[in-house]
Amino acid sequence: MRWSQLFVPTLRDAPNDAVAPSHQLLVRGGFMRQLHAGHYSMLPMGWRVHQKVAGIVREEIEALGGQEFLLPTMHPASIWQESGRWDTMGEIMFRLNDRKGAELALGITHEEIFATVASELSSYKQLPQVWYHIQTKFRDEARPKSGLLRVREFHMKDSYSFDVDDAGLDVAFDNHDRAYRRIFERIGVPAFGVEASSGAMGGNDSVEFMTPSDAGEDDVVRCPSCDYSANIEKATSTLPPIDDGSATELEQFDTPGVRTIAALEAFDGGAAADRQLKTLVMMLDGTITLVVVRGDHQLNTQKLADATGAIEIRPAEVDETFGALNAHPGSLGAVNVADHPIIMDSSLEGRVNMTTGANIDDKHYRGVSVERDITVGQWADLREVGAGEACPNCGTAMIIVRCIEIGHIFKLGTKYAETFGVKVSTPDDGEVPVVMGSYGIGIGRNMAAAVEANHDENGIIWPVSIAPFEAVVTIMRLDDETLAAGQTIYDDLKAAGVDVLIDDRDARAGVKFADAELIGIPFRITLGPRGLKEGKAELTGRHSGETEEVGLETVAAVVAERVAAAKR
RNA sequence: CGGGAUGUGGCGCAGGUUGGUAGCGCACCUGCUUUGGGAGCAGGGGGUCGUGAGUUCAAAUCUCACCAUCCCGACCA
């Protein structure tokens, strides 16, 4: 490819509204342009990278036996109504009507559709199956952001496994776990797996793959000394024991003007935060619910969602709270509350001599024994782990790392199989629902993650495996002799299977060097009159930043070998 | 959805308070000179100033409404 004819609109300045490095560099490098929020046009350079990432994903999924499909992205409402997700998915799903008025949805994922196809499976002898496609997903995100990291329209490889039993699912799950780790390794994205909430997927076990980045949106709790790591939506920690003394009588006392945990700590006759109960009044799908955590703990709403299955969760308004408890925030508590559900954080089990609001403004209780004085409807892990808390496995102080979620694998069980009638006969002439798993990896997000992990002040440093071009032959002077020499090297590289670009633009050296570095081509072969006289080319590595002189006749072979080595 | 900010050629910005011919840098076109790290000089092309209404003789500028985009949070596979 001749650079002079290639559409690569590089920019000297990043657009003002791009903040994340990958966003800035992918726009500056002419890889993509924004159409509107969350929708990007892939330009030729961007699409080349995208295709290479997708190709690596395809190879690894094929290697574990995956069969490639292509399912529609526009779906009838009925299929989503059958699974119940027409309602539970809420606003994330784009919905539209056709000319007949029929309701349609744009696919956010494809469990339902693959399950429909899978209903033609009939015998255990056909299993296991792993099916996948690489297809556009549409999600009406509340806040698209950071370039390709969070968009409303993107390509995802999603695969689905079908097994006769849980043991089979475990195999498919482990195969995907290994394949995903190989994918991240090959595309140059440092990754690790974490325990995760399954959220709206409805599965019972899932692993998220994370790469550390300030541009990410997830917090991961990690132990520096053992291998514990979990999404903060799922993470736990070991709390130091607290001596409550022995249980005493429940006693109401006046606390004029005390509205906060901190104020009650400072109040004469109050209590330390870890001896207080924090009562949060939440609306769970329209039901007033009391959620109780320790005074110095924070509620994690995803944990609450996972524990209750609630879809819509929000704090109750002050008037709703007053209507339910006859008191205002600052004096709320769960003691003697009988007519509202109460969910209690597990860490409060067995606690006595606690202090909490009395549901009378300016009054609190002390001497609260949790089990004795509160009608707990449900115990659940609700608190959010903080940095420095002890690892549940080994007790080491843990850290919190900001991460990008780059893949997620789920054990789904038989939920979709039962809904869509995916059943197979068994050797003993029985019939069982098929056990499913689903496995997702966003192509564009991984492309952006690769940039986040591989760039410097001059631009992107693509791993050879996904670089838009593996090498560029930079012609320093557009005379016949230099062009001919460049063309020969270009042809040799082409013949050796290298993705090579020849920079034949009538531009100054600085422009060519800067562009090649910005768009991150791994190897640059520079041909100028100086070296040409001595029969030499210069070979510069984008990654190493180092330049060496190589003979004109051997440089193509040297580069071809290095490219091949990098891809091994 | 709450908070904050911004919309002026492809990109980055000034102009706005005090209404009066729409400007600068980069990019683009032509010519000359230059040519190993984003060249110089000269000439040139390109803009519904986010949209709509209003005030005014006159609106990029003032008023109102709306839209869009970005950031933080909420939310989110």
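Every chain is numbered from 1 and lettered A, B, ... according to where its sequence line falls, protein lines coming before strand lines.
- B/rG46 and B/rG9: their C1' atoms are spaced 6 Å apart (whole Å).
- Non-hydrogen atoms lying under 4.0 Å from RNA chain B are contributed by A/Leu11, A/Arg12, A/Asp13, A/Ala14, A/Pro15, all within residues 1-15 of chain A.
- Contacts of A/Glu233 with the nucleic acid, taken as non-hydrogen atoms under 4.0 Å apart, are absent.
- Within residues 211-222 of chain A, no residue has any heavy atom closer than 4.0 Å to RNA chain B.
- Taking CD1 of A/Ile519 as the start and CG of A/Asn458 as the end, the distance is 13.5 Å to the nearest 0.5 Å.
- Among residues two or more places apart in sequence or in another chain, the side-chain contact (heavy atoms from CB on, under 4.5 Å) test is passed with A/Phe322 by A/Asn326, A/His328.
- Taking atom P in both B/rU51 and B/rU61, the straight-line distance is 10 Å, to the nearest Å.
- For the pair A/Glu538 and A/Gly107, both in contact range of RNA chain B, the more 5′-proximal nearest nucleotide belongs to A/Glu538.
- Between A/Val19 and A/Gly531, the residue anchored nearer the 5' end of RNA chain B, judged by the nucleotide with its closest heavy atom, is A/Gly531.
- Note: A/Phe114 and A/His133 meet the aromatic proximity criterion, with ring centroids under 6.0 Å apart.
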All N/O donor-acceptor pairs, side-chain side in residues 467-483 of chain A, below 3.5 Å, sequence neighbours left out:
| unit_1 | atom_1 | unit_2 | atom_2 | d |
| --- | --- | --- | --- | --- |
| A/Glu470 | OE1 | A/Asp499 | N | 2.8 |
| A/Glu470 | OE2 | A/Lys567 | NZ | 2.8 |
| A/Asp479 | OD1 | A/Glu481 | N | 3.3 |
| A/Asp479 | OD1 | A/Thr482 | N | 2.7 |
| A/Asp479 | OD1 | A/Thr482 | OG1 | 2.5 |
| A/Asp479 | OD2 | A/Thr482 | OG1 | 3.3 |

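- Across the P atoms, B/rG15 and B/rC62 are found 12 Å apart, a figure rounded to whole Å.
- Residues A/Asn231 and A/Glu208 share a closest heavy-atom pair of ND2-OE1, 2.7 Å.
- A/Trp3 is linked by a ring-ring contact (aromatic ring centres under 6.0 Å, His included) to nothing, counting only residues two or more places apart in sequence or in another chain.
- Closest approach of A/Met89 to A/Ile92, counting heavy atoms only: O-CG2, 3.0 Å.
- B/rU33 sits 28 Å from B/rC11 when the C1' atoms are compared, rounded to a whole Å.
- Within the structure, every pair that satisfies the side chain to side chain donor-acceptor pair (under 3.5 Å) test and touches residues 20-33 of chain A, not counting sequence neighbours, is listed here: A/Ser22-A/Glu452, A/His23-A/Tyr40.
- Nucleotides B/rC67 and B/rG20 have their P atoms positioned 30 Å apart, rounded to a whole Å.
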